[in-house]
Amino acid sequence: MTGKGKTVHGEAANAGHRVLAPDDAEVEAYLETALHAPGPQRAATDRPAGGGDGTVVVLDFGSQFAQLIARRVRELNVYSELLPHDTPMAEIERRGASAIILSGGPNSVYDVGAPKPDPAVWSGRLPVLGICYGAQLMASELGGHVQANGKREYGPATVTIGTEDGLFAGLDRTQPVWMSHGDSITTLPEGFHATAQTDSSPFAGLNDESRNLYGIQFHPEVAHTPHGKDVLRNFVVGIAGVTPSWTPAHFITATVDEIRRRVDDHARAVGSDGKVICALSGGVDSAVAAALVHRAVGDRLTCIYVDHGLMRKRESELLRATFAENLGMRLVMVDARERFLARLAGVVDPEQKRRIIGDEFIRVFEEEAEKLGQIDFLTQGTLYPDVIESATSETKTAQKIKTHHNVGGLPADLRFKLIEPLRYLFKDEVRAVGIELGLPEQMVQRQPFPGPGLAIRIIGEVTAERLDTLREADWIVIDEIKGAGLYRNVWQSFAILTPIHSVGVMGDGRTYANVVAIRAVTSDDGMTADWAKLPYEVLGKISSRIVNEVPGVNRVVYDISSKPPATIEWE
Ligand code: XMP
């Protein structure tokens with residue numbers, strides 16, 4: 001991702017946050033690259049001409065589940081991409097599509113300006129599955145009729161399969177499904193047949209098998225449709241004939257080849273050594289991105305780890321052991337602790353802290369990169385949700401809640417070409433690739449950690465002493481959460497050092513010491529979150545250990561706020 005207006009997330013799956021609002025030219029330029037960038041499996045050897053193994057393109061009509069459709073297809077080991085609803089058919093074919101899925105969406109097909117696909121989608125050249133709004137579009141665009149339903153169908157329903165077409169092959173005749181629609185198909189287009197119905201939808205399933213067009217009113221992508229994945233498999237594998245071969249190992253081979261080719265071509269063209277750098281944060285994304293690039297270019301990659309002193313306990317050791325010692329990568333570890341502390345002295349405002357840390361990080365990184373001579377490429381751990389989000393410009397006006405600093409998200413004016421090997425992957429896929437690459441489980445399964453580190457978990461001024469206090473408390477939280485087997489059940493779990501002092505009694509004496517807060521949340525993507533209902537015993541153990549083992553703390557409280565209205569981090 002390029003441009004100062006890029007979305008800056010990755011390490012923490014923190015979709016929705018950006019540094020600066022992008023201007024239109026940047027958005028256009030970005031869309032251009034997002035649409036035309038070669039995908040990971042687009043290496044020549046990897047894409048048999050004329051279909052067979054191929055991509056499933058999901059056209060996004062604005063459904064909140066559009067991403068989920070692509071993920072479900074990928075769970076079938078078939079590569080799937082989410083593209084804007086009006087992507088031209090020529091582009092869909094250029095991307096090697098073997099099938100098209102039309103997502104649901106909030107509009108009515110008869111609305112003025114309702115989003116529609118390129119009419120060539122209906123040509124029968126590729127099999128099409130319309131879901132909900134997508135099915136209604138199929139009906140209305142091809143001569144049928146759709147109208148508002150007197151009765152909204154929302155939530156669980158039972159469909160009865162009338163005709164067992166390829167889509168419903170092997171399924172029982174009645175299926176629990178999940179519905180969410182106000183409009184219904186009332187007349188089928190010529191050549192179409194009804195294949196399934198519910199009490200309120202006579203056309204809950206429709207097809208024209210001669211043209212390879214299939215529609216369903218229910219949502220197969222959600223967990224509440226238990227056999228939804230079978231329906232998707234029937235479409236992708238059975239009807240479209242795609243061979244499921246999208247696996248982490250396959251992705252690694254194709255991506256490593258692609259990176260090597262790109263770096264070599266560039267180096268030859270400009271007569272350079274083809275050097276690559278990567279900022280390592282300790283997070284999963286930069287780790288996996290670096291490991292992939294390392295496999296492609298070996299010692300031409302140098303990783304830079306800036307220790308800003310705001311890291312968790314033993315972070316630097318873990319990084320050195322993993323990357324330098326185990327994987328044999330070139331790793332520059334920069335001790336910038338004093339620099340950051342000096343700049344943070346006296347600062348209490350959260351946004352000011354974030355800005356200082358972001359700026360200083362870039363400065364240190366640039367200084368180190370400079371020392372390495374000519375660098376051609378910068379590796380970033382951009383993930384697919386970031387790419388999708390940047391391509392859907394409607395969401396770009398969101399009010400800024402926090403200025404995110406992300407270790408991978410360095411500004412484009414550093415003048416490197418970008419290598420973004422994860423730009424087509426979801427977080428869970430990144431983890432699977434990390435495991436396949438041989439990264440330690442401990443590194444791959446880490447909870448997200450924010451770029452500005454512990455500084456935004458110390459409310460008030462950040463000092464060396466307060467950092468030590470928080471680091472110890474944080475270590476105990478993670479230790480106990482792991483000990484209880486809960487580490488992977490929660491999205492994040494950590495300690496916050498509050499600016500509050502409270503009175504306590506230890507032994508026979510009065511204390512007046514720090515209050516530490518504990519935060520543990522469950523979440524799917526960090527955008528919304530609920531406080532984790534941790535067992536009292538675990539909370540009790542965390543509390544007594546912190547008070548006993550961390551000097552200067554005499555009270556522990558548990559944060560029971562969800563997001564919204566709170567955010568996950570306190571600052
Ligand atoms: P909030 O606090 O906004 O956090 O609810 C959502 C997710 O984002 C992480 N976070 C960050 N990640 N740089 C990052 O890389 C940042 O500046 C940053 N701020 C918050 C947070 O830990 C949570 O996972």
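First listed ligand is number 1; within each ligand, the first listed atom is number 1.
- Heavy-atom contacts of Thr567 reach the following atoms of ligand 1: 1 (P), 2 (O), 5 (O) (cutoff under 4.0 Å).
- No side-chain N or O of Asp525 forms a donor-acceptor pair with one of Trp491 less than 3.5 Å apart.
- Considering backbone and side-chain N/O atoms, Pro448 never comes within less than 3.5 Å of an N/O atom of ligand 1.
- The proximity of Gln492 to ligand 1, defined as any non-hydrogen pair under 4.0 Å, is limited to the side chain.
- Surrounding CD of Gln445 are more than 12 heavy atoms belonging to other residues, nucleotides or ligands, all under 6.0 Å away.
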### Query
Hey, mind stepping through Ile568 and Phe494 against side chain to side chain contact (heavy atoms under 4.5 Å, CB included) and telling me if it holds?
CA-CA 10 Å; Ile568 295 177; Phe494 54 90; 4.0 Å; yes

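- Checking only distances, Lys563 does come within under 3.5 Å of ligand 1, N or O to N or O.
- Of the N or O atoms in Gly526, none lie within a sub-3.5 Å distance of an N or O in ligand 1.
- Aromatic ring pairs are classed by plane angle as parallel below 30°, tilted from 30° to 60° and perpendicular above 60°; the pair Phe65 and Trp178 is perpendicular.
- The aromatic rings of Phe377 and His266 stand perpendicular to each other, their planes meeting at an angle above 60°, with 30° marking the opposite boundary.
- Taking a 4.0 Å cut-off on heavy atoms, Trp491 registers as neighbouring ligand 1.
- Near Arg354, with a cut-off below 4.0 Å to any heavy atom, the atoms of ligand 1 are 16 (C), 17 (O), 18 (C), 19 (N), 20 (C).
- Listed by number with element, the atoms of ligand 1 under 4.0 Å from a non-hydrogen atom of Pro452 are 13 (N), 16 (C), 17 (O).
- Using a cut-off of 4.0 Å between Lys/Arg side-chain N and Asp/Glu carboxylate O, Asp428 and Arg431 are scored as not salt-bridged.
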